[in-house]
Amino acid sequence: MTAPICEIKESAAQSSSLKGFAIHTSADYVVTFLFWAIGYVCGICPAGAIERRDARASAVRRLAGKPMTSLRAKFLLAILRLVNARKAFTDGENFLADALEKQTNGPALPGRRLLRKFLIRDEQIAGVRSFVVQPRENASAHRILYLHGGAYAWDLISVHWKIIEELIALTGASVTVPIYPLTPTTGWEAAHDAVRRVYGHLADKSGADTITIMGDSAGGGLALAVTMALRDDARPMPGSLVLFSPWLDVSLSDPEQRALAPRDPILAPPGLLAAGRAYANGVSPQDSRVSPLFGSFDGLPPVAILSGTRDLLNSDARRVARRAPRVVQMFEYPDMPHVWVGLPIPEAHQALQQAANFVELNTVTSRRSYPSGT
């Protein structure tokens, strides 16, 4: 049954859900609030000044052929360190218990502004709860299947809505976000099954080659693993894949990650390893169904990987790019942390623009458009 969110949110049940949502996502805004508060209180970096300074400096560095980390990103990285944003991942024993507690709040819901801006439905697709987000006008024929991250243990959060909003603005695509089952209650099999059912519905409705499967972090690993499974089962393939800071090896087997770990302000190995073991659910953590880095890249559609050098998972992205240069195009961002595309920094917009360009170049629908609501 399909129900627009604007109608659902008036019910008593939804009111209770929103209260839980507020608790669940309030932490998402702490970093952003602290960043702006420090700037305004100190009087050294009001928003307009930062944007002008970043624009001027970035232009100069681009002309010189040198990448530059924006002032805003530098401040935000410092704040991530200050608030110990990686704390949840430093305790492997309690990571899954904390995740289970957070799961009771359910996925983050879109705010009123997004409800006004887009057509948004909360519906069951092939038995899987999914959000469908469409432009109100000038919708393209692109379809994005977006798989959220969260170490396979955390639900959709408000940062994901920011990413989805900008992707729609840049591509005109309709975005479907399945709320797939999470670990430790379930393992990889349930996640694969849910994503494949939703993908099959979209492929039957719009054509597989109109679809780009996107994902961040664990969602990026899931996107790649599911696409490999579709190929192995001779199913229609999506037009392309876009992976933001993907988790490609849940075993964290690359020795380079020991050097990367202290530089990462968001992730830490103990929590990732605990989540990876639970998600593997009895199979080897290096089985390609849970760690697609170890799978074959033959016969896959074009893949874009966007990864930052302050990300513990960056070395795995590099390994994949070296293994499959004919399939994988990698965009590496100096000094960017895990899933920086969801942060309020210029580098996020730049990366999402690159993702949109990649979709445009690798999707057969790039010159077609449909009315909204189709």
Side-chain angles (χ1 to χ4, degrees), residues 66-69 73-74 76-78 80-81 84-92 95 149-153 188 215-225 228 241-280 283-297 300 303-343 347-348 351 354:
K66 300 176 181 178
M68 177 178 177
T69 304
K74 289 177 181 178
L76 194 49
L77 285 168
L80 289 170
R81 292 288 189 190
N84 195 15
R86 70 205 298 261
K87 181 179 180 180
F89 286 93
T90 59
D91 186 348
F95 180 84
Y152 297 113
W188 67 271
D216 67 271
S217 192
L222 179 58
L224 183 55
M228 288 177 172
L241 275 70
V242 176
L243 316 178
F244 303 113
S245 305
W247 192 13
L248 302 170
D249 173 12
V250 302
S251 71
L252 301 184
S253 64
D254 189 355
E256 289 185 23
Q257 289 171 329
R258 296 189 186 95
L260 284 170
R263 287 173 44 82
D264 190 320
I266 295 175
L267 301 178
L272 288 175
L273 289 170
R277 285 191 297 268
Y279 180 69
V283 306
S284 167
Q286 295 188 0
D287 187 301
S288 62
R289 293 170 294 183
V290 297
S291 294
L293 181 148
F294 300 104
S296 168
F297 288 79
L300 293 185
V303 179
I305 296 180
L306 296 94
S307 179
T309 62
R310 281 190 179 270
D311 185 352
L312 175 63
L313 308 182
N314 177 247
S315 65
D316 287 340
R318 290 181 173 183
R319 290 165 75 187
V320 164
R322 288 195 298 266
R323 282 191 56 201
R326 295 185 179 182
V327 175
V328 176
Q329 184 173 0
M330 182 165 169
F331 303 93
E332 188 171 79
Y333 280 69
D335 286 330
M336 289 299 103
H338 189 61
V339 195
W340 81 97
V341 293
L343 300 178
E347 291 86 350
Q354 283 189 313

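Scope of the values below: all heavy atoms of this structure, side chains included, with no hydrogens, waters or symmetry mates. Predicted model only: the values in this text are computed from it and were never measured.
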Student: I'd like to know if Arg318 pairs up with Asp254 as an ion pair, taking the criterion as any Lys NZ or Arg NE/NH1/NH2 lying under 4.0 Å from an Asp or Glu carboxylate oxygen.
Tutor: no
Student: For the residue pair Ser307 and Asp311, confirm or rule out a side-chain donor-acceptor distance under 3.5 Å.
Tutor: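 Short answer, no.
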Student: For Ser251 and Pro285, which heavy atoms make the closest approach, and how far apart are they?
Tutor: CB-CB, 3.8 Å
Student: Report the distance from atom CG of Asp249 to atom CD of Gln257, rounding to the nearest 0.5 Å.
Tutor: 6.5 Å
Student: Name the orientation class of the two ring planes belonging to Trp340 and Tyr333 (parallel below 30°, tilted from 30 to 60°, perpendicular beyond 60°).
Tutor: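 Tilted: the ring planes of Trp340 and Tyr333 meet at 30° to 60°.
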Student: Given side chains that start at C-beta, do those of Leu241 and Ile305 come closer than 4.5 Å, heavy atoms only?
Tutor: no
Student: Could you measure the distance from the CG atom of Leu273 to the CZ atom of Phe89? Nearest 0.5 Å is fine.
Tutor: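 That separation rounds to 11.5 Å.
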Student: Any donor and acceptor pair, going by atom type alone, linking the side chain of Ser284 with main-chain N or O of Gln286 inside 3.5 Å?
Tutor: yes
Student: Grab the two heavy atoms, one from Ala151 and one from Ala218, that are nearest each other, plus how far apart they are.
Tutor: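 Between these two residues, the closest heavy atoms are N-CB, 3.7 Å.
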Student: For residues 257-279, which residue pairs qualify under salt bridge (charged side-chain N to carboxylate O under 4.0 Å, His left out), counting only residues two or more places apart or in two chains?
Tutor: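 Counting only pairs at least two positions apart or across chains, the salt bridge (charged side-chain N to carboxylate O under 4.0 Å, His left out) contacts touching residues 257-279 are Arg263-Asp335.
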Student: So if I apply the side chain to side chain contact (heavy atoms under 4.5 Å, CB included) rule between His338 and each of Ile266, Leu80, Asp216, which one comes out positive?
Tutor: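 The single option meeting the side chain to side chain contact (heavy atoms under 4.5 Å, CB included) with His338 is Ile266.
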Student: Looking only at heavy atoms, which two atoms of Ala351 and Leu306 are closest? And how far apart?
Tutor: O-CD2, 3.4 Å
Student: With a 4.5 Å heavy-atom cut-off, do Leu343 and Pro337 have their side chains touching?
Tutor: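 Heavy-atom side-chain distance check passes, below 4.5 Å.
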Student: State whether a side-chain donor-acceptor pair under 3.5 Å links Glu256 with Asn314.
Tutor: no
